[in-house]
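Since we're looking at a predicted model, the values are computed, not measured.
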Amino acid sequence: MRFFDTKQLVIDFSESRVTEKSSAEYYLGNTLLLVLLTYYEHLFGLSNSGLLFFVECGVVLVVSILGVATCFRANGGADGRDFMLRANCLAFPIALKLNVANMMLGWLVYAYFPEVIDYRSFRSPALLDALLTFVWAPAFTALFFWRLAVHLRTIANSSTGSEQRDVPIPASS
């Protein structure tokens with residue numbers, strides 16, 4: 001895997017030396033960078049970034065690593081085809097649906113949390129809010145990778161044994 005040497009990566013691609021396994025490594029690298037950048041942004045934007053925040057970040061990183069590995073295996077592993085193409089294309093509609101669901105649930109929690117959770121029903125509503133937030137990101141991350149793996153497995157299973165052949169197109173008369 002090339003971390004900084006873009007020129008060499010271009011050469012690797014032009015000489016078809018980027019394998020399915022290394023494409024999964026690049027996908028994992030991008031995923032981890034996005035997670036870290038998101039948490040880095042929150043770290044410097046939040047006034048309450050205690051231990052639970054760092055534990056959540058670690059949990060999301062672990063879920064992401066396991067998720068990419070599961071998706072890679074679902075696509076057929078090193079013997080699979082087009083992991084990057086499939087994973088990136090499928091990720092968009094899955095992430096879009098999950099973001100819509102996330103926003104809807106977020107607005108519901110925002111609107112109704114103070115009505116349901118107060119000092120009469122819970123000793124520490126702030127702790128309950130922090131725990132809910134702690135579960136939220138790992139749950140949506142796991143849901144994303146689960147749906148992605150299901151779709152990748154479906155594609156891999158449908159192409160197994162029925163490799164596409166180049167069928168000549170009849171010439172028009």
**Q.** Full working for side chain to side chain contact (heavy atoms under 4.5 Å, CB included) between Arg86 and His151
**A.** CA-CA 9 Å; Arg86 293 171 179 177; His151 294 303; over 6 Å; no
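- Through direct or relayed side-chain contacts under 4.5 Å between Ile, Leu, Val, Met, Phe, Trp and Tyr, Leu33 connects to no other residue.
- The hydrophobic cluster of Ile11 has no other members, since no ILVMFWY side-chain heavy atom comes under 4.5 Å of it.
- Rounding to the nearest 0.5 angstrom, the gap separating the CG atom in Leu148 from the SG atom in Cys71 is 3.5 Å.
- Note on Leu34: it does not cluster hydrophobically with Val68, by side-chain heavy-atom contacts below 4.5 Å among ILVMFWY residues.
- Listed by chain and number, the residues in a side chain to side chain donor-acceptor pair (under 3.5 Å) with Thr154 amount to none (sequence neighbours excluded).
- The side chain to side chain donor-acceptor pair (under 3.5 Å) test applied to Glu20 returns no partner, not counting sequence neighbours.
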Report, one line per pair, each donor and acceptor closer than 3.5 Å where one atom sits in a side chain of residues 87-104; sequence neighbours left out.
from	atom 1	to	atom 2	distance (Å)
Asn88	ND2	Met84	O	3.0
Asn99	ND2	Ala95	O	2.9
Asn102	OD1	Trp136	NE1	2.4

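- For Arg17, the side chain to side chain donor-acceptor pair (under 3.5 Å) test picks out Asp12, Glu15, with sequence neighbours left out.
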Name every donor-acceptor pair, under 3.5 Å, that has one atom in a side chain of residues 57-66 and the other anywhere in the protein, sequence neighbours excluded.
from	atom 1	to	atom 2	distance (Å)
Ser64	OG	Val60	O	2.8

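- Under the ring-ring contact (aromatic ring centres under 6.0 Å, His included) criterion, Phe83 pairs with Tyr27, Phe72, sequence neighbours left out.
- Counting only heavy atoms from C-beta outward, the side chains of Thr70 and Phe145 never approach each other to under 4.5 Å.
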Q | Working for side chain to side chain contact (heavy atoms under 4.5 Å, CB included), residues Val55 and Phe134 | A | CA-CA 8 Å; Val55 173; Phe134 171 75; 3.6 Å; yes
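- Minimum heavy-atom separation, Ser23 to Val18: N-CG1, 4.4 Å.
- Partners of Ser22 by side chain to side chain donor-acceptor pair (under 3.5 Å), not counting sequence neighbours, listed by chain and number: Thr19.
- The backbone N or O of Arg81 lies less than 3.5 Å from a partner atom in the side chain of Asn75, making a donor-acceptor pair.
- Closest approach of Ala74 and Ala149 over heavy atoms only: CB-O, 3.5 Å.
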